[in-house]
Amino acid sequence: MNDNSIFYFYLVVMILGIVLIIKGLRNQYVENKKKAAADAAESDKQRIDNLVSAFGSLLEKISADNEKYTALSYQVSRLRNFVNELENRQKELEDSNCVLSDINTELKRSNTTLINKAKELREDIRQREDTIRDMANYVDSIKSIKTGLEIAVNNIDAEEIPFLSRAITDLGITPSARERLAKEGILYVGELIHLNEDYLMEIWGVGPVTIDRIKNKLNENSVWFGMDVIRINDRWYRRKSTNNGLNYGRE
């Protein structure tokens with residue numbers, strides 16, 4: 001073989017080696033790419049699985065939340081209805097309160113009117129009672145005057161009782177008791193005759209001892225509480241009995 005043939009031979013061998021090396025490198029690159037792609041695909045698959053799992057959990061959570069939302073929406077709807085009912089009830093109560101307030105005002109006005117009417121009626125009754133009392137006193141005074149006139153003209157047989165015309169100082173009671181009786185308008189012994197022991201006991205300063213002293217003094221002079229006597233001016237008379245004797249004993 002000449003030198004050119006050897007050169008071409010080595011050149012072909014070298015080219016073939018380069019081709020084989022390139023092919024091997026290419027195959028290695030392809031394998032690496034496949035492995036990398038496989039790894040990437042596996043990683044993507046794992047990530048997708050994780051995303052699917054997370055999405056499934058999210059869907060479950062969303063479903064649970066949706067149920068909760070539905071329940072909450074139902075409760076909110078009930079609460080709104082309840083609030084509406086309360087507002088309506090409040091309005092009714094406010095209206096009722098206004099009506100009751102008006103009724104209360106009217107009742108107060110009526111009560112005031114009734115109180116005033118009652119006061120007027122009480123005052124009218126008191127005035128009527130005073131009038132009746134005054135009329136009764138007037139009738140009694142007229143009767144006493146009539147009786148006194150009859151006694152004066154001797155139409156009625158009566159006897160004067162001088163002791164009753166005496167001042168209460170003759171009863172021998174304490175000054176405080178005399179002052180108290182004088183404040184009550186009692187100045188003469190005869191003015192005690194129409195009273196009673198209970199009434200005198202209610203007067204301050206007229207106690208049991210004074211009452212007993214008055215009674216003893218009256219009995220000593222043949223007079224007593226409740227004695228039927230007639231006053232003419234500042235004199236007291238007692239009718240004589242039918243047997244023409246003076247009736248000085250108790251009836």
Side-chain angles (χ1 to χ4, degrees), residues 1-133 198 201-205 207:
M1 298 180 64
N2 55 16
D3 293 332
N4 290 329
S5 297
I6 294 171
F7 173 76
Y8 288 125
F9 176 75
Y10 283 114
L11 181 60
V12 170
V13 170
M14 186 176 60
I15 292 171
L16 182 59
I18 292 170
V19 170
L20 291 174
I21 290 170
I22 292 171
K23 185 177 181 181
L25 291 174
R26 185 180 179 183
N27 291 335
Q28 184 65 34
Y29 175 76
V30 172
E31 289 295 330
N32 290 336
K33 289 288 287 183
K34 288 181 178 180
K35 184 176 180 182
D39 292 339
E42 184 65 25
S43 177
D44 291 341
K45 181 178 178 300
Q46 186 66 34
R47 187 170 60 183
I48 290 171
D49 290 340
N50 292 334
L51 289 173
V52 170
S53 177
F55 185 73
S57 299
L58 182 61
L59 286 177
E60 292 178 358
K61 185 177 180 180
I62 290 173
S63 178
D65 291 341
N66 186 44
E67 292 178 358
K68 291 180 181 179
Y69 176 77
T70 303
L72 288 174
S73 297
Y74 176 71
Q75 294 296 332
V76 167
S77 178
R78 290 188 60 187
L79 286 174
R80 285 177 179 172
N81 293 333
F82 184 67
V83 168
N84 291 332
E85 291 178 0
L86 287 178
E87 289 177 349
N88 293 332
R89 183 58 178 170
Q90 182 182 5
K91 187 176 182 305
E92 292 176 359
L93 290 175
E94 289 175 353
D95 294 339
S96 299
N97 188 41
C98 292
V99 173
L100 290 176
S101 178
D102 294 338
I103 293 174
N104 187 41
T105 302
E106 184 63 28
L107 287 175
K108 288 181 178 179
R109 188 181 299 110
S110 300
N111 187 44
T112 303
T113 303
L114 289 175
I115 290 174
N116 293 332
K117 287 290 186 182
K119 289 181 179 179
E120 293 176 0
L121 287 174
R122 283 197 295 268
E123 181 63 21
D124 184 64
I125 291 172
R126 187 190 64 79
Q127 292 178 358
R128 289 175 182 272
E129 289 177 346
D130 292 341
T131 301
I132 292 172
R133 191 180 300 109
D198 292 335
M201 288 287 287
E202 293 176 358
I203 301 175
W204 181 85

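What you are looking at is a predicted structure, and each value in this text was computed from that prediction instead of being measured.
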Original post:
Could you give the distance from OG1 (Thr113) to CD (Glu106), rounded to the nearest 0.5 Å?
Top reply: 8.0 Å
Original post:
Measuring from Gln28:CD to Ile21:CD1, what's the distance to the nearest 0.5 Å?
Top reply: 13.5 Å
Original post:
With a 3.5 Å cut-off and no angle check, do the side chains of Gln127 and Glu123 form a donor-acceptor pair?
Top reply: yes
**OP:** Output yes when a side-chain donor or acceptor of Ser43 lies under 3.5 Å from a complementary backbone atom of Asp39, and no otherwise.
**Re:** no
Subject >> Spatial distance of atom CZ (Arg89) from atom CD (Glu87) [nearest 0.5 Å] >> reply: 14.5 Å
Original post:
Say you draw a straight line from CG of Leu20 to CD1 of Ile15; how long is it, rounded to the nearest 0.5 Å?
Top reply: 12.0 Å
Original post:
Ignoring hydrogens and geometry, is there a side-chain-to-backbone donor-acceptor pair from Asp124 to Glu120 under 3.5 Å?
Top reply: no
Original post:
Out of curiosity, Arg80 CZ to Ser73 OG, how far, rounded to the nearest 0.5 Å?
Top reply: 8.5 Å
Original post:
Is a side-chain donor or acceptor of Asn104 paired with a backbone partner of Leu100 at a separation under 3.5 angstrom?
Top reply: no
**OP:** Taking Ser96 for its side chain and Glu92 for its backbone only, find out whether a donor-acceptor pair lies under 3.5 Å.
**Re:** yes
**OP:** Start with the C-alpha gap between Arg78 and Tyr74, add the side-chain angles, then the distance that decides, and say whether side chain to side chain contact (heavy atoms under 4.5 Å, CB included) holds.
**Re:** CA-CA 6 Å; Arg78 290 188 60 187; Tyr74 176 71; 3.4 Å; yes
Subject >> Interatomic spacing from CG in Asn50 to OG in Ser57 - rounded to 0.5 Å >> reply: 10.5 Å
**OP:** Please determine if Lys91 and Glu94 form a salt bridge, counting it only when a charged side-chain N lies under 4.0 Å from a carboxylate O.
**Re:** no
**OP:** Please confirm whether the backbone N or O of Leu93 pairs with a side-chain atom of Asn97, one donor and one acceptor, at under 3.5 Å?
**Re:** no
